[in-house]
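Here is the structure we will look at.
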Amino acid sequence: MARLTRSFFARPTLAVAQALLGQRLVRILNGQRLAGVITETEAYIGEEDLACHARAGRTARNAVMYGPPGHAYVYFTYGMHWMLNAVTEREGFPAAVLIRALVPTEGLDVMRRRRHLDRILTDGPAKLTRVLGIEGTFNGGDLCARGVDLFIESAQADSRLPIVAAPRVGLGSTPEPWLSKAWNFKLPDSGKQ
DNA sequence: AGCACGATGCTCT
DNA sequence: GAGCATCGTGCTT
């Protein structure tokens, strides 16, 4: 099926975060397709959103979020974890959708080999980047260009999937109202693998 | 099933 | 120097 185009990402972030549910994240690793259906996303929207990395304005780290939509914002956190986001909205407005979970569909054997343990593979934002081999070199990469090894395919034409909205995860001491904004989106019953 | 904690290093104050 | 969009282990209900 066709890849998501730039216009898909050049929309309000909350719409993109929900529309990404059910679509297929694809990583070409050593010539092989590794893929999974996106089952959980989270929106981070602008400098006003005090949970967003752009809350203190543009920096070297968050610069990609200010760039054109449809690019990957990949950052390092907790000393060991990479996080994958898709940049949204218009160029100049910093916003992105964090990909928090997948249900793996292609390349499961390779994914298992990439983990120490033969367990749950992609039910967390750092687990899925680890399994798919996504790290800092992907930051700023275009998810919509030809020939790239990380992109998203349209796998869900119908947007009538049931979606559960909840507060975002792991925000710590982020002040209200941002702490309680229900900007985490999930397909129900996809949590267990 | 749920909580506490340590790992580990980058970013910004 | 503090905090972090996390994870796995180990211990308690």
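A note on names: the letters A, B, ... follow the listed sequences, proteins ahead of strands, and every chain is numbered from 1.
- Looking at residues two or more places apart in sequence or on another chain, you find a salt bridge (charged side-chain N to carboxylate O under 4.0 Å, His left out) between A:R168 and A:D49.
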Atom pairs and distances, side-chain donor-acceptor, residues 132-141 of chain A, under 3.5 Å, sequence neighbours left out:
from	atom 1	to	atom 2	distance (Å)
A:N139	OD1	A:V74	N	2.9

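- Residues forming a side-chain contact (heavy atoms from CB on, under 4.5 Å) with A:V164 (at least two apart in sequence, or on another chain): A:P188.
- The listed nucleotides are C:dC4, C:dT6, B:dT8; the one nearest the side chain of A:M80 is B:dT8.
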Secondary structure string for DNA chain B (Watson-Crick or G-U under 3.5 angstrom, | for other-strand pairs): |||||||.||||.

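- When heavy atoms are screened at a 4.0 angstrom cut-off, A:M83 is found touching the sugar-phosphate backbone but no base atom.
- The salt bridge (charged side-chain N to carboxylate O under 4.0 Å, His left out) search around A:E91 returns none, not counting sequence neighbours.
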Under 3.5 Å, N/O pairs linking protein and nucleotides 10-13 of chain B:
from	atom 1	to	atom 2	distance (Å)
B:dC12	OP1	A:T59	OG1	2.2

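- In this pair, A:Y78 lays its aromatic ring flat on the base of C:dC4, centres within 5.5 Å and planes under 30 degrees apart.
- Of the residues in residues 47-55 of chain A, those with a non-hydrogen atom less than 4.0 angstrom from any atom of DNA chain C are A:A51, A:H53.
- Applying the side-chain contact (heavy atoms from CB on, under 4.5 Å) criterion to A:P94, with sequence neighbours excluded, gives A:E47, A:A54, A:M65, A:Y66.
- Here side-chain hydrogen bond (donor to acceptor under 3.5 Å, both in side chains) pairs that include residues 75-86 of chain A, with residues two or more places apart or in two chains, number zero.
- Residues forming a side-chain contact (heavy atoms from CB on, under 4.5 Å) with A:D109 (at least two apart in sequence, or on another chain): A:Q32, A:R113.
- Side chain of A:R130 to backbone of A:R115: no donor-acceptor contact under 3.5 angstrom is found.
- Judged as a salt bridge (charged side-chain N to carboxylate O under 4.0 Å, His left out), and not counting sequence neighbours, the contacts of A:R6 are A:D142.
- Every salt bridge (charged side-chain N to carboxylate O under 4.0 Å, His left out) that A:R27 has, sequence neighbours left out, goes to A:D149.
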